[in-house]
Amino acid sequence: MSKLTLEDLTISYEQPDGTCQTIYQHFSKEFAPGIYTLLGESGCGKTTLMRTIAGLKEHETGRIFLDEQILQKANPDVYMLHQHYADFPWCSVYKNVLMAYKARKITITKKEKEEAMQILAMLGLEGQANKKVGEFNSEISGGQSQRLSFAVGLALKPKVWLLDEPTSALDHENMKNIAKILKAYQQQKQAIVISITHDLSFAKELQSIEIYLDKEAVRIAK
């Protein structure tokens with residue numbers, strides 16, 4: 001059973017004028033397996049915190065542990081679904097999913113190829129398998145690109161999912177399907193799922209634990 005621990009973190013970011021603003025100081029939090037939604041006013045540092053956990057941003061002090069091992073950089077056990085979706089825009093939809101196995105240093109055999117197609121089918125993307133996903137010559141829509149990012153995550157099989165506005169381009173039916181898949185994944189793998197979303201219906205579908213972030217305290221609402 002996985003455990004994510006944030007210990008005494010100080011996190012800052014550089015503002016447009018070049019000055020540095022501290023968002024979190026001596027911040028600590030522990031995440032057990034479950035589904036969480038980060039809430040708070042715009043600018044309170046939700047995405048910055050998520051990027052720090054993912055190893056995409058450095059923190060000034062403190063440590064981040066996953067299962068008592070220090071996380072110091074990007075790790076395949078921690079997957080962040082960005083607001084900009086395709087990680088490998090020069091690859092097809094199908095090959096983007098196969099890249100997840102390469103990230104895990106898994107030799108791609110018939111088994112992995114079949115699993116990749118099954119994952120695409122779960123997300124309604126089997127018909128787009130050979131289409132381009134490039135930023136300027138994409139043959140798929142924004143919603144399909146967002147679902148592709150979920151497909152990559154399912155193939156990667158992370159212990160921690162970090163979701164930054166994961167349903168911004170999805171219609172209601174696809175949103176509900178994604179929530180269903182995420183809940184099933186979390187229960188099966190005993191994973192930790194942390195989401196930032198303004199989609200109240202998605203948060204409701206996830207039945208998540210809400211965590212309110214502000215400068216005074218971290219408050220948890222069941």
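The analysis underlying the following values was restricted to heavy atoms, covering all of them including side chains, and did not include hydrogens, waters or symmetry mates. Positions are given from 1, in the same order as the sequence printed here.
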>> Is the shortest side-chain heavy-atom distance between F202 and S208 below 4.5 Å?
In response: no
> With distance as the sole test, does E165 use its side chain to make a donor-acceptor pair with the main-chain N or O of H198 at under 3.5 Å?
Replying inline: yes
> Does the side chain of P158 reach to within under 4.5 Å of the side chain of V160, using non-hydrogen atoms?
Replying inline: no
> Quick one: does I181's side chain get under 4.5 Å of L123's, heavy atoms only?
Replying inline: yes
> Counting distance only, does the side-chain N/O of Q69 pair as donor-acceptor with the main-chain N or O of L66 below 3.5 Å?
Replying inline: no
>> Can you see whether S12 engages T22 through a side-chain donor-acceptor pair at a distance of less than 3.5 angstrom?
In response: yes
> Sequence neighbours excluded, which residues qualify as side-chain hydrogen bond (donor to acceptor under 3.5 Å, both in side chains) partners of T167?
Replying inline: D199
> Got a donor-acceptor contact below 3.5 angstrom from the N177 side chain to the M122 backbone?
Replying inline: yes
>> For residues 170-183, which residue pairs pass the salt bridge (Lys or Arg N to Asp or Glu O under 4.0 Å) check, not counting sequence neighbours?
In response: none
>> Taking the side chain as everything from C-beta on, heavy atoms only, tell me whether R104 gets closer than 4.5 Å to D77.
In response: yes
> What are the two closest heavy atoms between V133 and F88, and how far apart are they?
Replying inline: CG2-O, 3.7 Å
>> Please determine whether residues Y13 and L6 belong to a single hydrophobic cluster, defined as Ile, Leu, Val, Met, Phe, Trp and Tyr linked transitively by side-chain heavy-atom distances below 4.5 Å.
In response: yes
> Partners of K95 by side chain to side chain contact (heavy atoms under 4.5 Å, CB included), sequence neighbours excluded?
Replying inline: C91, S92
>> Applying side-chain contact (heavy atoms from CB on, under 4.5 Å) to T47 and I196, what does each step give before you reach the verdict?
In response: CA-CA 8 Å; T47 296; I196 299 170; 3.8 Å; yes
>> Could you go through W161 and L154, starting from their C-alpha distance and side-chain angles, then the distance that decides it, and tell me whether this counts as side-chain contact (heavy atoms from CB on, under 4.5 Å)?
In response: CA-CA 10 Å; W161 281 73; L154 290 171; 4.1 Å; yes
>> Regarding S2 and Q190, do their side chains bring together a donor and an acceptor under 3.5 Å, going by distance alone?
In response: no
>> If the condition is ring pair (Phe, Tyr, Trp, His ring centres under 6.0 Å), which residues does Y36 pass it with, not counting sequence neighbours?
In response: F31
> Is the backbone of T48 close enough, under 3.5 Å, to the side chain of T52 for a donor and an acceptor to pair up by distance?
Replying inline: yes
> For I140, does its backbone N or O pair with a side-chain atom of S138 as donor and acceptor, under 3.5 Å?
Replying inline: yes
>> Going by the rule ring pair (Phe, Tyr, Trp, His ring centres under 6.0 Å), which residues pair with Y24 if we only count those two or more places apart in sequence or in a different chain?
In response: F27
>> Within the 4.5 Å heavy-atom criterion, are E30 and L4 side-chain neighbours or not?
In response: no
> After noting the C-alpha distance and the side-chain angles of I194 and M50, does the key distance pass the side-chain contact (heavy atoms from CB on, under 4.5 Å) rule?
Replying inline: CA-CA 8 Å; I194 305 173; M50 192 170 276; 4.1 Å; yes
>> For a quick test of reading the model, state the closest non-hydrogen atom pair linking A116 to Y101 and the distance between them.
In response: N-OH, 3.7 Å
>> Please check if the number of heavy atoms outside E126 that lie under 6.0 Å from its CD is greater than 12.
In response: yes
> When rounded to the nearest 0.5 angstrom, what distance separates CG in L38 from CG in L49?
Replying inline: 6.5 Å
> Strictly by modelled atom types, are T109 and E112 linked by a side-chain donor-acceptor pair under 3.5 Å?
Replying inline: yes
> Does A184 offer a backbone N or O that forms a donor-acceptor pair with the side chain of Q187 under 3.5 Å?
Replying inline: no
>> I need the M1 CE to I192 CD1 distance, nearest 0.5 Å.
In response: 10.0 Å
>> Quick check: do C44 and L213 have side-chain heavy atoms less than 4.5 Å from each other?
In response: yes
> Taking it one step at a time, do V78 and L162 satisfy side-chain contact (heavy atoms from CB on, under 4.5 Å)?
Replying inline: CA-CA 7 Å; V78 181; L162 304 171; 3.7 Å; yes
>> With salt bridge (Lys or Arg N to Asp or Glu O under 4.0 Å) as the rule and sequence neighbours excluded, what pairs involving residues 54-69 come up?
In response: E7-R63, D67-K159
>> Return the OG to CG distance between S149 and L81, rounded to the nearest 0.5 Å.
In response: 3.5 Å
> For atom CG of L200, is the number of surrounding heavy atoms from other residues, nucleotides or ligands below 6.0 Å larger than 12?
Replying inline: no
> Can you tell me how far CG of L163 sits from CD1 of I35, rounded to the nearest 0.5 angstrom?
Replying inline: 9.0 Å
> Of the non-hydrogen atoms in A151 and L120, which two are nearest, and what is the gap between them?
Replying inline: CB-CD2, 4.1 Å
>> Using a 3.5 Å distance criterion without hydrogens, assess whether the side chain of Q186 forms a donor-acceptor pair with backbone atoms of V193.
In response: no
> Under 3.5 Å, is there a donor-acceptor pair between the side chain of T61 and the main chain of T10?
Replying inline: yes
>> Let me confirm one number: the NE2-CG distance from H59 to L9, rounded to the nearest 0.5 Å.
In response: 6.0 Å
> Do you reckon I108 sits in the same ILVMFWY cluster as I106, going by side-chain contacts under 4.5 Å, direct or chained?
Replying inline: yes
> Which value, rounded to the nearest 0.5 Å, describes the distance between E139 atom CD and K132 atom NZ?
Replying inline: 5.5 Å
>> Just so I know, are the side chains of V152 and Y79 near enough to count as touching, which here means a heavy-atom distance under 4.5 Å?
In response: yes
> Looking at K157 and E115, does any basic side-chain N land under 4.0 Å from a carboxylate oxygen?
Replying inline: yes
